[in-house]
Amino acid sequence: LGEEIVHHAVEHESADPVASMPDTSVDTVDEGGARWSASNEGTLRRIDLLEGSLALRIDRPPGGDRVVVRVPDGEIEDVGTTFHVEVADGHTQAVRVDHGSVVLRLEGTSPRAIHAGESWSRKPAPPPPPASSSSPPTPPPPRVIAAPSASAPVIDDGGEDRAYVE
């Protein structure tokens, strides 16, 4: 349920059948809320993933078309592989490679190769610093505890001294 398998194959036409290029195929599976599109630009297969999770299996024989997955903050170039990519809020969140390898290029970072069995994920943003206060913290209010006699409750203010109220 909720999965769609799309198979894309590019056939190269040539006047000389011996000189024809090998086919590159791309299988995609929507793993959750994927908004994406695919296009062919000469010998480049491009997939644009705007949001969600997409699994890809790419069969790229030597001499086949290059495959690049563009994400809002960069791109992932396939080197003949099976991998998963997740995008949320306009940023790549995770890439996992099952077979082969990819090159991940994100804005503001150096390209990095991710090989079979490896994964990359965005580090969560650090929590905001605590709000600074110029005044000391307010002590908790005193609480009433069992009194030594029924007529005089004991007030516990958290300190060493005990006060009896009558």
Taking all heavy atoms of [X] and all of [Y], pick out the closest pair and write down the distance.
| X | Y | result |
| --- | --- | --- |
| Asp98 | Ala116 | O-CB, 3.7 Å |
| Pro72 | Glu107 | O-OE2, 3.9 Å |
| Ser101 | His115 | CB-ND1, 3.4 Å |
| Arg112 | Trp120 | NH1-NE1, 3.3 Å |
| Glu118 | Ala113 | OE1-O, 4.1 Å |
| Glu51 | Gly90 | OE1-N, 3.9 Å |

If we ignore hydrogens and angles and just use 3.5 Å, is the side chain of [X] paired with the main-chain N or O of [Y] as donor and acceptor?
| X | Y | result |
| --- | --- | --- |
| Arg46 | Glu41 | no |
| Arg60 | Asp65 | yes |
| Gln93 | His91 | yes |

Check your understanding: Should Leu49 and Val68 be counted in the same cluster of Ile, Leu, Val, Met, Phe, Trp and Tyr side chains packed under 4.5 Å apart?
Key ->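 Hydrophobic grouping puts Leu49 apart from Val68.
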If you round to the nearest 0.5 Å, how far is [atom2] of [Y] from [atom1] of [X]?
| X | Y | atom1 | atom2 | answer |
| --- | --- | --- | --- | --- |
| Glu75 | Leu106 | CD | CG | 9.5 Å |
| Ser53 | Arg96 | OG | CZ | 9.5 Å |
| Ile58 | Glu77 | CD1 | CD | 10.0 Å |

**Study point:** Side chain to side chain, Ile114 and Phe83, heavy atoms closer than 4.5 Å
**Key:**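 Answer no - side chains too far apart.
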Practice item. Step by step, work out the side-chain contact (heavy atoms from CB on, under 4.5 Å) result for Ile47 and Leu54. Key: CA-CA 10 Å; Ile47 297 170; Leu54 197 60; 4.2 Å; yes
**Study point:** Ion pair check, Arg122 and Asp73, cut-off under 4.0 Å
**Key:**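 So Arg122 pairs with Asp73 through a salt bridge.
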Check your understanding: Any salt bridge between Arg57 and Asp59, counting N to O under 4.0 Å?
Key ->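 Asp59 and Arg57: not salt-bridged.
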Check your understanding: Do Leu56 and Val26 pass the side-chain contact (heavy atoms from CB on, under 4.5 Å) test, and can you show the C-alpha distance, the side-chain angles, and the key distance before you say yes or no?
Key -> CA-CA 7 Å; Leu56 299 102; Val26 178; 4.2 Å; yes
Point to revise | Test applied, side chain to side chain contact (heavy atoms under 4.5 Å, CB included); reference residue, Val71; option that passes from Asp48, Val85, Val95 | key: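 Result for side chain to side chain contact (heavy atoms under 4.5 Å, CB included) with Val71: Val85.
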